[in-house]
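Take a look at the structure set out below.
If you read the sequence from its start, that first residue is 1, and numbering goes on from there. Just so you know, these numbers use all the heavy atoms, side chains as well, and skip hydrogens, waters and symmetry mates.
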Amino acid sequence: QNRYWNGSRELTAAQLRELATAIVCQVKKRGPFTSLAEFVNRRVSSDTTLAVSGALQSALDDPAVSINEPFRNDSLSGTEGVASRKPVYPFPAAAKGPRRQGITGYVTQADLLTTLGPAISPRSDTFTLRALGESRDAKGTVLARAWCEAVVQRTASYIDSAEPAITAPPKRPVNVLFGRRFEIVAFRWLQPQDVQDQLALTSR
């Protein structure tokens with residue numbers, strides 16, 4: 001294991017697939033996230049499976065993920081410390097983990113965020129939608145075609161506004177099914193050239 005103190009780590013495609021699968025599992029278990037901080041940081045909760053670490057670090061610590069496997073045979077129990085301090089930590093579970101975590105070869109969520117950090121952002125509440133409608137004859141020949149564009153924005157209010165917006169998760173069936181209310185803030189009909197220009201931009 002001495003080699004892990006020098007140089008840098010290279011992960012295999014199989015290890016990246018393991019990690020991606022574990023991250024999806026963590027997101028399903030913890031989401032939806034109300035902020036980037038909630039995604040990255042551990043959750044303040046009595047549930048130790050959520051309170052020990054955030055989604056990314058928990059995925060790395062998943063036994064099915066082999067990235068940090070070489071370090072798991074020498075772990076801290078969370079009870080090490082001065083004997084006169086009882087308990088040693090207010091939350092001993094958070095102190096558990098590999099003794100060598102943090103060395104050069106040990107992959108942490110900080111390493112992931114070095115790459116993800118510049119690109120990750122909160123989900124936008126404003127969306128641009130485009131739709132196409134066609135009129136065809138009995139043989140399927142297109143007689144007319146029209147495009148439209150709408151800008152919609154998600155608001156804080158639920159579909160059933162009788163339920164306060166601060167309620168999370170929602171309780172009323174329609175709000176459980178459809179969530180927050182969307183409002184159309186802009187609408188326009190498009191010309192064929194508008195669509196062609198956009199396709200040309202996205203294909204570059």
Subject >> Derivation and outcome, side chain to side chain contact (heavy atoms under 4.5 Å, CB included), residues Leu60 and Gln57 >> reply: CA-CA 5 Å; Leu60 284 165; Gln57 188 61 52; 4.0 Å; yes

**OP:** Check the pair Arg30 / Ser58 against side chain to side chain contact (heavy atoms under 4.5 Å, CB included), numbers first and verdict last.
**Re:** CA-CA 11 Å; Arg30 299 161 183 264; Ser58 294; 2.8 Å; yes

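Val27 and Ile120 fall within the same hydrophobic cluster, where Ile, Leu, Val, Met, Phe, Trp and Tyr residues are linked whenever their side-chain heavy atoms come under 4.5 Å apart, directly or through other members. Transitive grouping of hydrophobic side chains (ILVMFWY, heavy atoms separated by less than 4.5 Å) keeps Leu19 and Val24 in distinct clusters. Hydrophobic clustering keeps Ile67 apart from Val52 (ILVMFWY residues linked when any side-chain heavy atoms are closer than 4.5 Å, directly or through intermediates). Leu112 and Leu16 fall within a single hydrophobic cluster, where Ile, Leu, Val, Met, Phe, Trp and Tyr are joined by side-chain heavy atoms under 4.5 Å apart, directly or via other members. Connection of Leu36 to Phe33 is established within a shared hydrophobic cluster, with ILVMFWY side chains joined at heavy-atom distances below 4.5 Å, either directly or through further cluster members.
Leu50 has its side chain within reach of Lys29: a pair of non-hydrogen atoms, C-beta onward, lies under 4.5 Å apart.
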Donor-acceptor contacts, no H, no angles, side chain residues 139-146, under 3.5 Å, sequence neighbours left out:
residue, atom, partner, partner atom, Å
Arg145, NE, Glu134, OE2, 2.8
Arg145, NH2, Glu134, OE2, 2.7

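Minimum heavy-atom separation, Pro170 to Val176: O-CG2, 3.4 Å. What you find for Lys171 and Thr167 is that their closest heavy atoms are NZ-CG2, 4.0 Å. Contact between Gly105 and Asn68 at its shortest, heavy atoms only, is O-OD1, 4.4 Å.
Taking the ring axis of Tyr158 as reference, the NZ or CZ atom of Arg180 stays within 45° of it and closer than 6.0 Å to the ring centre.
Here Leu177 is tied into one hydrophobic group with Ile159, Val174, Phe178, each link being a pair of ILVMFWY side chains closer than 4.5 Å.
Counting non-hydrogen atoms of other residues, nucleotides and ligands closer than 6.0 Å to CG of Leu132 gives a total above 12.
Ring planes of Phe182 and Phe127: tilted class, angle from 30 to 60°.
No donor-acceptor pair closer than 3.5 Å links the side chain of Glu38 to the backbone N or O of Ser35. Thr12 contributes a side-chain N or O that, together with a main-chain N or O of Gln15, makes up a donor-acceptor pair within less than 3.5 Å.
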